[in-house]
There are 2 protein chains.
Amino acid sequence: MSVAVENFVKAVYKNAKRTNDTKPGIIAKELGISNAAATDMAKKLAVKDLLHYEKYQELKLTVKGNQMALNVIRKHRLWESLLFKMFDMSLHDIHREAELLEHQTSDLLANKISEYLGNPKFDPHGDPIPDKNGIITTTDTSFTLSKANEGKTYIISRLMSDDKEFFDFCAQHGLKYGNTITVSKQFIKNKMTQIVVNNNTILLNEDFSTIIYVNENESKNVQH
Amino acid sequence: MSVAVENFVKAVYKNAKRTNDTKPGIIAKELGISNAAATDMAKKLAVKDLLHYEKYQELKLTVKGNQMALNVIRKHRLWESLLFKMFDMSLHDIHREAELLEHQTSDLLANKISEYLGNPKFDPHGDPIPDKNGIITTTDTSFTLSKANEGKTYIISRLMSDDKEFFDFCAQHGLKYGNTITVSKQFIKNKMTQIVVNNNTILLNEDFSTIIYVNENESKNVQH
DNA sequence: AACTATTTTTAAGTATACTTAAAAATTTAT
DNA sequence: ATAAATTTTTAAGTATACTTAAAAATAGTT
């Protein structure tokens, strides 16, 4: 299946995880194409039995479409894990490379990469990696920094973003998957979170505190 | 530049290395497209200043086209080197993966891979890897097995093929880049070469003895 | 409930990378 | 040297994945 198809299916999958209003417009915005193109593609994918399409209704992946999305996501996250482990590159660069490589990777190679890495369950962003059957076994106990408690210490479990500026900020301040941070203050009214990382105090606004996910220090979720 | 363009330029480059009759037909055969499509593409690439095109004449890459070809070949051979090192996969499978990955790899990532591998000068087939400026410094002293001397021992330096059957044969008999083999007999009249690998005697016909390249045992070319 | 704004859809058109069929030129063989 | 074979080119057409513009339907607002 083509890159355009895989990306469309992936975008539908990801959107459906977040909202329950997955219509062509949102996907178009996500992929940077026109609404017309998205509607067009949706119709074509319905013919290929990748999603259910009815005029003006929500887009819903079929079982087949779901499998395809999970397979692409698996490859993306495996590539991120491999590149992160092997090379000194920014998470943002790694994400960009994985975005391309994910479409040109055989199942065989994906399995080899997974095996090499010890079949990891999370990528460097903390996102779960579906297994070869598309199954995500991990129960995610993490929550956003904005909901963390003052005075407590946490472990970063996800950096949920594609934004270069965010990753640059993270890299600069030691905000990295697996690292330990302490929440020194929650400014509820102003929606800011103050944290301590590597003995540096940083103030995060809502944009950032809601895309950084953490786990309790003693969490069972730290299996790598 | 698109995958089709990169593959076309690469095919022209490779053909020009072998023959001096690089016309659309040969490229078409190489890429598995029609002659018409090859002529068409040649015209388009001329507009992009990637090759010189004149009706019925040979296709000749411009400096820009040459650079593009070398860049793609570099990425291909780096991927082959990396996959060969990391994973237990057949050379044929590795070749197929590299054929796809080569088009989706930034220069940055290519450099990272090269660095990680210690900037190798040869890939697992023994083919030279252009450096980041497209320069191939290696002087190749290797020759085909068909031209080797009876009784002498050699080191395999290139397996020049894309053919799965050939690679399966190689894998089965220990014919691998860097391995040592002895030529026990040359059947000049019948164009066969008898070799000894791992204490096994194998008879190779012309098809195989002309795509297996070797170096003298004491060669200076064994720099990895 | 009706008007407005937004979204979705349809329709028509574009670029890329092919295809087949036939014409034109070149190459090969006698 | 000329006919036959092959290759190259041109021409017309297709599928994919988009675009813009306008019509149709839905959603939001008062």
Side-chain angles (χ1 to χ4, degrees), chain A residues 1-16 18-61 64-65 68-69 72 99-100 102-104, chain B residues 1-16 18-61 64-65 68-69 72 99-100 102-104:
Chain A
M1 223 47 77
S2 75
V3 173
V5 168
E6 288 188 352
N7 278 334
F8 196 94
V9 166
K10 192 176 78 166
V12 172
Y13 177 90
K14 287 200 164 182
N15 201 270
R18 279 205 312 275
T19 73
N20 47 330
D21 187 50
T22 306
K23 291 189 184 159
I26 302 182
I27 306 302
K29 200 172 246 174
E30 168 75 24
L31 297 177
I33 61 177
S34 67
N35 286 9
T39 301
D40 231 55
M41 183 60 99
K43 282 191 201 166
K44 281 184 198 160
L45 297 198
V47 174
K48 289 183 201 282
D49 190 35
L50 290 168
L51 53 74
H52 300 294
Y53 173 75
E54 275 183 86
K55 274 189 187 183
Y56 303 106
Q57 300 309 120
E58 257 197 84
L59 306 177
K60 280 185 182 151
L61 291 181
K64 199 174 148 194
M68 177 182 281
V72 175
E99 205 68 22
L100 298 176
E102 64 185 14
H103 306 292
Q104 311 299 151
Chain B
M1 221 48 76
S2 75
V3 173
V5 168
E6 289 188 351
N7 277 333
F8 196 94
V9 166
K10 191 176 79 167
V12 172
Y13 177 91
K14 287 201 163 182
N15 202 269
R18 278 205 313 274
T19 74
N20 47 330
D21 187 51
T22 307
K23 292 188 183 159
I26 302 183
I27 306 302
K29 200 173 245 174
E30 169 75 25
L31 298 177
I33 60 178
S34 68
N35 286 7
T39 300
D40 231 56
M41 183 59 99
K43 282 190 200 165
K44 279 184 200 160
L45 297 199
V47 174
K48 289 182 202 279
D49 190 36
L50 291 168
L51 52 74
H52 300 293
Y53 173 75
E54 276 183 83
K55 273 190 188 181
Y56 302 106
Q57 299 309 118
E58 259 196 82
L59 306 176
K60 279 184 182 153
L61 291 181
K64 198 173 149 196
M68 177 183 281
V72 175
E99 204 69 22
L100 299 176
E102 63 186 14
H103 305 292
Q104 311 298 153

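In this text, all values refer to a predicted model and were calculated from it rather than measured experimentally. Convention: sequence-line order gives letters A, B, ...; per-chain numbering from 1. What you see below is based on every heavy atom in this structure, not just the backbone, and it leaves out hydrogens, waters and symmetry mates.
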Please give, in whole Å, the distance from [N] [atom2] to [X] [atom1]?
| X | N | atom1 | atom2 | answer |
| --- | --- | --- | --- | --- |
| A/K29 | C/dT6 | NZ | P | 11 Å |
| A/L59 | C/dT9 | CG | C1' | 13 Å |
| B/L45 | C/dT16 | CG | P | 11 Å |
| A/H103 | D/dT16 | NE2 | C1' | 16 Å |

(Q) If you compare every side-chain N and O of A/K43 against the phosphate oxygens of C/dT9 (OP1, OP2), does one of them come in below 4.0 Å? (A) no
Would you give the length of the straight line joining atom [atom1] of [X] to atom [atom2] of [Y], rounded to the nearest 0.5 angstrom?
| X | Y | atom1 | atom2 | answer |
| --- | --- | --- | --- | --- |
| A/E99 | A/N7 | CD | CG | 6.0 Å |
| B/H52 | B/Q57 | NE2 | CD | 13.5 Å |
| B/F8 | B/L50 | CZ | CG | 10.5 Å |

Q: Please work out if A/Y53 contacts a base, only the sugar-phosphate, or nothing of the nucleic acid, heavy-atom cut-off 4.0 Å.
A: sugar-phosphate
Q. Can you tell if the side chain of A/M68 reaches within under 4.5 Å of the side chain of A/L61, non-hydrogen atoms only?
A. no
Q. Do A/K14 and A/E30 come within less than 4.5 Å of each other through their side chains, counting heavy atoms only?
A. no
Q: At under 4.0 Å between heavy atoms, which parts of nucleotides 17-28 of chain C does protein reach? Answer with one letter per nucleotide, 5' to 3': B base, S sugar-phosphate only, - none.
A: BSBBB---SSS-
Q | Electrostatic pair B/K10:B/E102 at N-O distance under 4.0 angstrom | A | yes
